[in-house]
Amino acid sequence: MTTISSIISIKNLNKCFGEQQILNNISFEVNKQEIIALFGPNGCGKSTILNSISGENKNEVQKKFNSTELSYVFQNYRDSLFPWKTNYENILFPLKVQKKNEQVITERINQITEIFDFNELQKYPYELSGGQQQIVALMRALITLPKILLIDEPFSALDYKNNLMVRQYILKYYEKYKPTIIIVTHNIEEAVYLANKIIILSKSPTQVKSIIHNPKKYPRDINFLQSQQFHEIKNKVLTAFQEAT
């Protein structure tokens, strides 16, 4: 049953590709303003779950939002940027699609660049580092102020320094606007650092094996990575993952 605070409720979600079953009766709920991490082995269908949330699965995925309130950051974020447009044009593109006026565009650009401390608006994506390109992709997804943000393995191509930087920007945005965020990751540290609920998935055909709650309050900073609490939660996730796979 969907709870009052739930914004997404998944019940008995099954997915097959041809004769191969990928998802096997996946069920869980996402509450408003939660950060959820989907954690499991490669090929277990984490991205398929995100696609099911963003698509039309009326019987299995109940949603209390409409499609215009959702943004999606894809794993291949470089390919999602328009190389012939400046970073400024890339970032504001969703607002142009929504036919927002220039006043709204200016306000949103100022808000988002302040959060991400980004000053390369007049350059093109190909002139940026991988970390900066990821920031542009995130800014474009967030400039519409979505209620729901889906992020598919956002840090897999980044070095550790940029990984930490982008995580901090996501949490900075979260602290200001409190969207509901669902992140696909195969990195335990990312899951524990960002999420307040970590859903452990088995290998395919995938089931939910465990849901681990992270009691650490926001805001979080890199000092959390060195804390005893962080390592205790990380070990709990690792144990659950080993049991699941």
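Computed from heavy atoms alone, side chains included, the values below leave out hydrogens, waters and symmetry copies.
For the residue pair Arg140 and Ser80, a side-chain donor N or O sits within less than 3.5 Å of a side-chain acceptor on the partner. Tyr124 and Asn90 form no side-chain donor-acceptor contact under 3.5 Å, judged by distance and modelled atom types alone. For the residue pair Thr185 / Glu190, a side-chain donor-acceptor distance below 3.5 Å is found, with atom types taken as modelled. A donor-acceptor contact closer than 3.5 angstrom links the side chains of Asn66 and Thr68. Under 3.5 Å, the side chains of Asn162 and Gln132 contain no donor-acceptor pair of N or O atoms.
Between Asn31 and the options Ser6, Ser9, Ser5, a side-chain hydrogen bond (donor to acceptor under 3.5 Å, both in side chains) holds for only Ser5.
Within a 6.0 Å sphere centred on NZ of Lys172, heavy atoms belonging to other residues, nucleotides or ligands number more than 12. Environment of NZ in Lys197: crowded, with over 12 heavy atoms of neighbouring residues, nucleotides or ligands closer than 6.0 Å. For Phe93, the CZ atom counts as loosely surrounded, since its 6.0 Å shell holds 12 or fewer non-hydrogen atoms of other residues, nucleotides or ligands.
Residues Tyr173 and Tyr177 place their aromatic rings such that the two centres sit under 6.0 Å apart.
Using a 4.5 Å heavy-atom cutoff, the side chains of Ser204 and Ile22 are in contact. In this structure the side chain of Ile188 reaches within 4.5 angstrom of the side chain of Phe39, judged on heavy atoms. The closest side-chain heavy-atom distance from Val136 to Gln133 is not below 4.5 Å. By the 4.5 Å heavy-atom criterion applied to side chains, Lys147 and Thr180 are not counted as neighbours. With a 4.5 Å cut-off on side-chain heavy atoms, Thr113 and Met139 count as touching. Residues Val208 and Ile200 fail the side-chain proximity criterion, which asks for heavy atoms closer than 4.5 Å. Side chains of Phe74 and Glu153 form no contact here, defined as non-hydrogen atoms less than 4.5 Å apart. Ile53 places a side-chain heavy atom less than 4.5 Å from the side chain of Ile10.
Listed for the Gln21 side chain is a donor-acceptor partner under 3.5 Å among the backbone atoms of Leu23. At least one donor-acceptor pair closer than 3.5 Å links the side chain of Asn14 to the backbone N or O of Asn25. Panel note: side chain Lys15, backbone Asn24; no donor-acceptor pair is recorded below 3.5 Å. Judged by distance alone, the side chain of Asn196 and the main-chain N or O of Ile35 form a donor-acceptor pair under 3.5 Å. A donor-acceptor contact shorter than 3.5 Å is absent between the side chain of Asn163 and the backbone of Asp159. With hydrogens and angles disregarded, no donor-acceptor distance shorter than 3.5 Å links the side chain of Glu114 to the backbone of Gln111.
Tyr126 and Leu121 sit in two unconnected hydrophobic clusters of ILVMFWY residues. Membership requires side-chain heavy atoms under 4.5 Å apart, directly or through other members.
Taking every heavy atom of both residues into account, Ile233 and Pro215 meet most closely at CD1-CD, 3.9 Å. Residue Ala195 comes nearest to Arg220 through the heavy atom pair O-NH1, 3.0 Å, listed as atom of the first residue, atom of the second, then distance. Nearest heavy-atom pair across Tyr218 and Leu171 is CE2-CD2, 3.8 Å. Taking both residues in full, the closest heavy atoms of Leu149 and Ala141 are given as CD1-CB, 4.1 Å, listed atom of the first, atom of the second, then distance.
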Verify side chain to side chain contact (heavy atoms under 4.5 Å, CB included) between Thr144 and Ser71, making sure each step is shown before the conclusion. CA-CA 8 Å; Thr144 59; Ser71 287; 3.4 Å; yes

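In this structure, Lys178 is positioned above the aromatic face of Tyr174, its NZ or CZ under 6.0 Å from the six-membered ring centre and within 45° of the axis.
Classification of the Phe116-Tyr169 ring pair by plane angle, with boundaries at 30° and 60°, yields tilted.
Here Leu194 contributes atom CG and Ile151 contributes atom CD1; the two are 8.0 Å apart, rounded to the nearest 0.5 Å.
Ion pairing of Glu102 with Lys96 is present here, as a side-chain N (NZ or NE/NH1/NH2) and a carboxylate O approach within less than 4.0 Å. Ion pair Glu69/Lys64 not flagged as a salt bridge, since none of the NZ, NE, NH1 or NH2 atoms sits closer than 4.0 Å to an Asp/Glu carboxylate oxygen.
Applying the salt bridge (charged side-chain N to carboxylate O under 4.0 Å, His left out) test to pairs two or more places apart or on separate chains, those with a residue in residues 122-139 are Glu120-Lys123.
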